[in-house]
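Worksheet for the structure shown next.
Start at 1 with the first residue, then count along the sequence. Keep in mind that what you see is a predicted model, and the values were worked out from it rather than measured.
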Amino acid sequence: PGSSPEFAVASCLALSQQFPSLQPGLYWAKPTGATTAAQVYCEYGWTRHSLDTFDNATSVGKWLPAQMTLCGGYGGLLGGFGITGAGAAFTLGITGLPAHTALRISGQFIAIDSWEGENGVIKLDDTTVWQQTYKAVSPAPPSQCGQTGFAEAQFGFSVVSSHTKADAKYAVTSTLD
């Protein structure tokens, strides 16, 4: 199943349910109502729509504004020191999604410099779906990205949200003042 257009599966979820130990990779899928099969990346029941790694200065994908920095051991970051702060937000618009019941976003949020109990925030269609509070401690270990005296904090996230519309908009922001 999923090895060619002739053996396309209905979805990555169906493939995962039939073969739970199947490794992530490219498979052929033909959702109900579709006229042709398409090759998709299946990852434990999820269909990957896009992957943005921010591993170089031109790999921001569809995120806007397309501003990136390199930050010590963290590598490429969307935003970064001197770019993001009070009122800044990065958005990802996704259009033409096939029928679905949920969306997942996962990644790393890096808090740089002076955070005094503010939140990192992720929104889906203007609704907050994730937030993490951070308060910098002093004395801080050496900074990799920003001003000396403030250490970065890294927060992993993987957020699943109910969603059925053909279009979606993610926003990554903070409550920094």
Side-chain angles (χ1 to χ4, degrees), residues 1-71 74-80 83-84 88-111 119-132 154-175:
S3 61
S4 69
E6 297 80 28
F7 297 104
V9 294
S11 68
C12 290
L13 179 59
L15 185 64
S16 176
Q17 289 171 337
Q18 190 174 359
F19 301 96
S21 61
L22 201 63
Q23 292 298 306
L26 288 171
Y27 297 93
W28 287 91
K30 183 178 176 185
T32 303
T35 56
T36 59
Q39 203 168 33
V40 296
Y41 190 90
C42 293
E43 188 173 26
Y44 306 110
W46 289 93
T47 303
R48 183 185 289 169
H49 179 72
S50 68
L51 173 65
D52 298 317
T53 60
F54 311 119
D55 56 356
N56 64 55
T58 61
S59 69
V60 296
K62 297 178 182 177
W63 288 91
L64 296 173
Q67 295 176 295
M68 236 190 91
T69 58
L70 295 176
C71 174
Y74 296 113
L77 302 177
L78 184 62
I83 293 176
T84 49
F90 290 91
T91 60
L92 172 64
I94 306 169
T95 58
L97 289 168
H100 60 281
T101 57
L103 293 177
R104 180 179 72 171
I105 185 171
S106 55
Q108 301 292 318
F109 188 97
I110 313 294
N119 296 323
V121 178
I122 299 174
K123 295 180 178 186
L124 173 58
D125 296 333
D126 298 319
T127 299
T128 299
V129 295
W130 177 88
Q131 65 181 6
Q132 176 69 50
Q154 179 175 351
F155 304 102
F157 60 86
S158 184
V159 181
V160 176
S161 304
S162 294
H163 191 274
T164 57
K165 297 184 274 183
D167 299 337
K169 182 178 96 174
Y170 278 106
V172 177
T173 187
S174 72
T175 59

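Across all their heavy atoms, Met68 and Gly76 have their closest contact at CE-CA, 3.6 Å. Of all non-hydrogen atoms in Cys71 and Leu77, the two that sit nearest each other are CB-CD1, 3.5 Å. For the pair Trp46 and Leu103, the tightest heavy-atom approach, listed with the atom from each and the gap, is CZ3-C, 4.1 Å. Across every non-hydrogen atom of Val9 and Pro1, the tightest pair is CG1-CB, 3.7 Å. When all heavy atoms of Ala29 and Val40 are compared, the closest pair comes out as CB-CG2, 3.9 Å. When all heavy atoms of Thr101 and Thr164 are compared, the pair lying nearest together is CA-CG2, 4.2 Å.
Looking at heavy atoms from C-beta onward, Phe90 lies in side-chain contact with Pro65 at the 4.5 angstrom threshold. Under the 4.5 Å side-chain criterion, counting only non-hydrogen atoms from C-beta, Tyr44 is in contact with Pro24. Side-chain contact between Val172 and Leu78: absent, with no pair of heavy atoms (C-beta onward) separated by less than 4.5 Å. Counting heavy atoms from C-beta on, the side chains of Phe109 and Gln132 never come closer than 4.5 Å. Taking the side chain as every heavy atom from C-beta outward, Ile94 and Lys62 never approach each other to under 4.5 Å. Side chains of Ile105 and Leu92 form no contact here, defined as non-hydrogen atoms less than 4.5 Å apart.
Formation of a donor-acceptor pair under 3.5 Å by the Asp125 side chain with backbone atoms of Tyr170 is not found in this model. For the pair Thr173 (side chain) and Ala88 (backbone), a donor-acceptor distance under 3.5 Å is present. Between the side chain of Thr128 and the backbone N or O of Lys123, no donor-acceptor pair lies under 3.5 Å.
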Step-by-step side chain to side chain contact (heavy atoms under 4.5 Å, CB included) determination, Glu43 to Cys12: CA-CA 7 Å; Glu43 188 173 26; Cys12 290; over 6 Å; no

Check the pair Thr84 / Ser174 against side chain to side chain contact (heavy atoms under 4.5 Å, CB included), numbers first and verdict last. CA-CA 9 Å; Thr84 49; Ser174 72; over 6 Å; no

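Taking CH2 from Trp130 and CZ from Phe155, the interatomic distance works out to 7.0 Å, rounded to the nearest 0.5 Å.
In this structure, His163 and His100 have parallel ring planes: the angle between them is below the 30° cut-off, well short of the 60° mark.
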